[in-house]
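A note on names: the letters A, B, ... follow the listed sequences, proteins ahead of strands, and every chain is numbered from 1.
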Protein chains: 2
Amino acid sequence: MRLSTKGRYAVTAMLDLALNGTDGPVTLADISENQGISLSYLEQLFAALRSKGLVRGVRGPGGGYYLGRESDEISIADIICAVDEWVEFTRCKGKQNCHDGQRCLTHSLWDDLSQQIFIFLTDITLDDLVQRGAEREEERRKKRAAATQVLGLKEQAA
Amino acid sequence: MRLSTKGRYAVTAMLDLALNGTDGPVTLADISENQGISLSYLEQLFAALRSKGLVRGVRGPGGGYYLGRESDEISIADIICAVDEWVEFTRCKGKQNCHDGQRCLTHSLWDDLSQQIFIFLTDITLDDLVQRGAEREEERRKKRAAATQVLGLKEQAA
DNA sequence: TTTTGTCCTACTAAATTACTCAGTAATTGC
DNA sequence: GCAATTACTGAGTAATTTAGTAGGACAAAA
């Protein structure tokens, strides 16, 4: 899993959509101004988001973008995966030579870590972030505790 | 926390050092050949590692690099921080405009995630990887469980 | 004193990131 | 129908990062 600023831009934009898309679609021009991201870069990001069904575009005057699904059914991992392509490159089979086994050690380390991050981000939805913004701190703590508990349980079971 | 291939290279090289540095120093030329990393790039990485005291260089014939500390006192996070500079860029105060609070939401999300990753990688040492390579699978599972348990406990306490 | 290696600086190539420009397509209001 | 608005598309470009080259200077062993 890659954690780039590109993914952050996408999450920020999607959050903007979740917050402001309640009454009518939101234009990229608005998001561009709100978040300080260039319009054309947003267009590229939203092309990727659209192809994954995370957003729905409406053309013409008064148009803009809606979320493709409910905000509590869009995880942060969904968004990042959509824009970051995610061809996980650490697979030993094939390109890399893992003859002496050392490289495989770091590979498995990275795979493990990547999976941990993925699980973490899969358990956080756009809606969770919205709730967080609405000063519902208690709710937030519960959600976060539940998310990280999954991490713990997953490994303790092994 | 950044997870780049640069950091992976560094971890791989350090693991090579931990495995082959038991009898005498290891030359960068050896690591270069073993791991398929260019010599000059390794020199850059090791300059950073050396400045942080993670390795110790010995000049002249028969020279090379030793680990700067015992392998069980060097965490993966140490290595990545050394080469990746880590100027965490998500701090709201200052450069970015967080006027409407939306950006702050993603900032705190990223900060949280970054911290989770950091904790995860801090609890894994070079020695853990070496043990793992020695087919001590049971040991590995115990270590991993302990490491991830920290993640769980940290949040459950909140 | 020659060889082997670290150490140091600058430069270059490739990839990625972020952005620009110039359009086309669909929808609305006049 | 026509103009305005907005999503879409693709080519191109600047800035940054990553990775690798080149050419040394210094230190120590042979």
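Whole-Å rounding puts the A/Ile37 CD1 to C/dA18 C1' distance at 11 Å. The distance from atom CZ of A/Arg8 to atom C1' of C/dT17 is 13 Å, rounded to the nearest whole Å. Atom CG of A/Asp84 and atom P of C/dT16 are 11 Å apart (whole Å). The nearest whole Å value for the distance from the CG atom in B/Leu42 to the P atom in D/dT18 is 16 Å. One atom, CZ of A/Arg59, and another, P of D/dA3, lie 20 Å apart when rounded to the nearest Å. Between A/Gln35 atom CD and C/dA18 atom P the separation is 15 Å, expressed in whole Å. Taking atom CG of residue B/Leu28 and atom P of nucleotide C/dT4, one finds them 16 Å apart after rounding to whole Å. Put simply, NZ on B/Lys6 is 18 Å from P on C/dA15, counting in whole angstrom units.
Among the nucleotides C/dC7, C/dC21, C/dA18, the one closest to the side chain of A/Tyr41 is C/dA18. Checked against D/dA19, C/dC7, D/dA7, the side chain of B/Tyr9 finds its nearest nucleotide in D/dA19. When each of C/dA25, D/dA19, D/dG12 is scored by its nearest atom to the side-chain atoms of B/Thr5, the top-ranked nucleotide is D/dA19. Here C/dT6 is the nucleotide among C/dT4, C/dT6, C/dC19 with the atom lying nearest to any side-chain atom of B/Thr27. Nearest nucleotide to the A/Ser38 side chain, out of D/dC8, C/dG5, C/dC19: C/dC19. Which of D/dA7, C/dC21, D/dA29 sits closest to the side chain of B/Pro61 comes down to D/dA29.
Within the 4.0 Å cut-off from OP1 or OP2 of C/dC8, at least one side-chain nitrogen or oxygen of B/Arg50 is found. Between D/dT6 and A/Tyr65, no contact under 4.0 Å exists linking OP1 or OP2 to a side-chain N or O.
Remark: B/Leu42 CG to B/Tyr65 OH distance equals 9.5 Å, nearest 0.5 Å.
Within the 4.0 angstrom heavy-atom criterion, no nucleotide atom of any strand lies near A/Phe46. Nucleic acid contact for B/Leu39: none, since no nucleic acid atom lies under 4.0 Å from a heavy atom of the residue.
Nearest approach of B/Met14 to B/Leu126, heavy atoms of both residues: O-CD1, 3.7 Å. Closest approach of B/Asp72 to B/Thr125, counting heavy atoms only: O-CG2, 3.6 Å.
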_Test log, rule side-chain contact (heavy atoms from CB on, under 4.5 Å), inputs A/Phe46 and A/Ile31_ = CA-CA 11 Å; A/Phe46 273 69; A/Ile31 299 178; 3.9 Å; yes
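With the nearest nucleotide of DNA chain C identified for both B/Gly63 and A/Gly62, B/Gly63 has the one nearer the 5' end.
When each of A/Leu45, A/Ile79, A/Val26, A/Leu49 is tested with A/Val55 by the rule side-chain contact (heavy atoms from CB on, under 4.5 Å), just one qualifies, namely A/Leu49.
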